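Just so we're clear, the structure is a prediction, and the values are computed from it rather than from any experiment. Worth knowing before you read on, the calculation uses all heavy atoms, side chains too, and leaves out hydrogens, waters and symmetry mates.
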Amino acid sequence: MNFKSRTYWLFLLPTLLALLIVLIIPFFQGVYYSFTEYNGFQVSAFVGLDNYIKLFTDDQFLYSLKFTAGFSIASVIGINVIGLAFALLVTQKLGKVSTLFRTVFFMPNLIGGIILGFIWQFVFLKAFSGIADVTGIEFFKGWLSNTETGFWGGLVILFVWQMSGYIMVIYISFLNNVPKELLEAATIDGANKWQSFWKVKFPLIIPAFTVSLFLTLSNAFKVYDQNMALTGGGPFGSTEMATMNIYDTAFKVQDMGYAQSKAIIFLIIITLISVIQLYLTRKKETEL
């Protein structure tokens, strides 16, 4: 091994050690604990597949998976539509206003999830209630007190508001790389802005959808802090997402072996969805 190779591995070693200690070893420990009865301190019994069999009859966990899937679908669509709309807006020739819009749209992404949750909790509980009292419009009352408004108003709106600016930046980078010659040629051929977008810009920014869909999907499935701060899973567990269900099983019920089996199944689901999404979007890239 020459000096260059030794230097390469020497600089790489800290990263490999960090991955081993923080990711790889805990992962395999988690897989082991999922086959046991584990309370966080000691393994009392090896139960085999019992934890995995049990979770498929756990109505609350299955509901939380279904709720998380619905939340993810609504969020992914909302974030990408709004993020792309923001990107199209700020890439117009608006001068300094464009920079202001970019800053305003991106700013929510800089706020932590828990803080965002409490901000929107104040909006829904205090501000909306105040509007309802002044105007007498019942629509603004009890936004976090039932499943439907807790889902759409409480979680989807918050998450879309937070992530749209971040996804906007990805779309901006691709839109700025669209050759101006193609757009000028389309204009000369009589294409309007809508036709220029669908026929010229859209096919060229398809790779941005691959990245954006992956990020929004993975982040939507892993939401916990906003869920905890805004609704706490209520009312009666109707807005409890899978991550919160797993956390509660581990740290409130103290059944960490069972919680770990839930986490493994959840990881498999996210991995499968992400792989399928990447395959389909990359296939679409090659077709276009």
Query raised in the report: If you group Ile, Leu, Val, Met, Phe, Trp and Tyr by side-chain heavy-atom gaps below 4.5 Å, do F41 and F251 land in one group?
Result: no
Would you list the atom pairs, donor with acceptor, under 3.5 Å between side chains in residues 197-213 and any protein atom, with sequence neighbours excluded?
{"residue": "T210", "atom": "OG1", "partner": "T281", "partner atom": "OG1", "Å": "3.4"}
{"residue": "T210", "atom": "OG1", "partner": "E285", "partner atom": "OE2", "Å": "2.4"}
{"residue": "S212", "atom": "OG", "partner": "A208", "partner atom": "O", "Å": "2.9"}

**Report entry** F86 atom CZ: more than 12 heavy-atom contacts under 6.0 Å
**Finding:** yes
Query - Distance in Å, E240 CD paired with L65 CG, rounded so as to fall on 0.5 Å steps - result: 10.5 Å
Query raised in the report: Under a single-linkage rule joining Ile, Leu, Val, Met, Phe, Trp and Tyr whose side-chain heavy atoms are separated by less than 4.5 Å, which residues share a cluster with I73?
Result: I77, V81
Query - Common cluster, L217/Y279, ILVMFWY with side-chain heavy-atom separation under 4.5 Å - result: no
Query raised in the report: Are F71 and F221 an aromatic pair by the rule of ring centers under 6.0 Å?
Result: no
Requested in this report: Report whether I131 and V123 are members of the same hydrophobic cluster (ILVMFWY, side-chain heavy atoms less than 4.5 Å apart, transitive linking).
Outcome: yes
Query raised in the report: When you measure from the side chain of N51 to the backbone N and O of S34, does any donor-acceptor pair fall under 3.5 Å?
Result: yes
Requested in this report: Decide yes or no for E37 and S44: does some side-chain heavy atom of the first lie under 4.5 Å from some side-chain heavy atom of the second?
Outcome: yes
Query - Residue pair L215, Y166: steps toward the side chain to side chain contact (heavy atoms under 4.5 Å, CB included) verdict - result: CA-CA 10 Å; L215 289 173; Y166 177 74; 3.8 Å; yes
Under 3.5 Å, sequence neighbours excluded: what are the donor-acceptor pairs made by side chains of residues 15-30?
none

Query raised in the report: For the residue pair F56 and Y52, what are the closest heavy atoms and their distance?
Result: CD1-O, 2.9 Å
Query raised in the report: From L278 CG over to K283 NZ, what is the distance, rounded to the nearest 0.5 angstrom?
Result: 14.5 Å
Query raised in the report: Is there a path of hydrophobic side-chain contacts, each under 4.5 Å between heavy atoms of I, L, V, M, F, W or Y residues, that connects I157 with F122?
Result: no
Query - Nearest atoms (heavy-atom pairs only) where A87 meets Y171 - result: CB-CB, 3.5 Å
Query - Separation between CG of N245 and CD of Q60, rounded to the nearest 0.5 Å - result: 6.0 Å
Query raised in the report: What are the two closest heavy atoms between M163 and N219, and how far apart are they?
Result: CE-ND2, 4.1 Å
Query raised in the report: Heavy atoms, side chains only, cut-off 4.5 Å: are S238 and F67 in contact?
Result: no
Query - Any F11 side-chain heavy atom under 4.5 Å of T7 side chain - result: yes
**Report entry** Residues forming a side chain to side chain contact (heavy atoms under 4.5 Å, CB included) with S274, sequence neighbours excluded
**Finding:** F214, I270
Report task. For a side-chain hydrogen bond (donor to acceptor under 3.5 Å, both in side chains) with Y258, tell me which candidate from D58, T36, D50 qualifies. Result -> D58
Query - Donor-acceptor under 3.5 Å (N227 side chain, T239 main chain) - result: yes
Query - Shared hydrophobic cluster for M168 and L110 (ILVMFWY, side-chain gaps under 4.5 Å) - result: yes
Query raised in the report: Can you find a heavy atom in the side chain of D255 that is under 4.5 Å from one in the side chain of K54?
Result: yes
Query raised in the report: Do you know the tightest heavy-atom contact between M241 and A220?
Result: CE-O, 3.7 Å
Query raised in the report: Okay, side chain of S75, backbone of V156: is any donor-acceptor separation there less than 3.5 Å?
Result: no
Query raised in the report: Who passes side-chain hydrogen bond (donor to acceptor under 3.5 Å, both in side chains) against T249, sequence neighbours left out?
Result: K262
Report, one line per pair, each donor and acceptor closer than 3.5 Å where one atom sits in a side chain of residues 173-185; sequence neighbours left out.
{"residue": "S173", "atom": "OG", "partner": "I170", "partner atom": "O", "Å": "2.6"}
{"residue": "N176", "atom": "ND2", "partner": "I172", "partner atom": "O", "Å": "3.3"}
{"residue": "N177", "atom": "ND2", "partner": "S173", "partner atom": "O", "Å": "2.9"}

Requested in this report: Look at the side chain of Q42 and the backbone N and O of Y38, then say whether any donor-acceptor pair between them is shorter than 3.5 Å.
Outcome: no
Query raised in the report: Between CG of L84 and CG of N80, what distance do you get to the nearest 0.5 Å?
Result: 8.0 Å
Query raised in the report: How many angstroms lie between atom CH2 of W161 and atom CD1 of I82, to the nearest 0.5 angstrom?
Result: 12.5 Å
Query raised in the report: So how far is it from S72 OG to F159 CZ, rounded to the nearest 0.5 Å?
Result: 8.0 Å
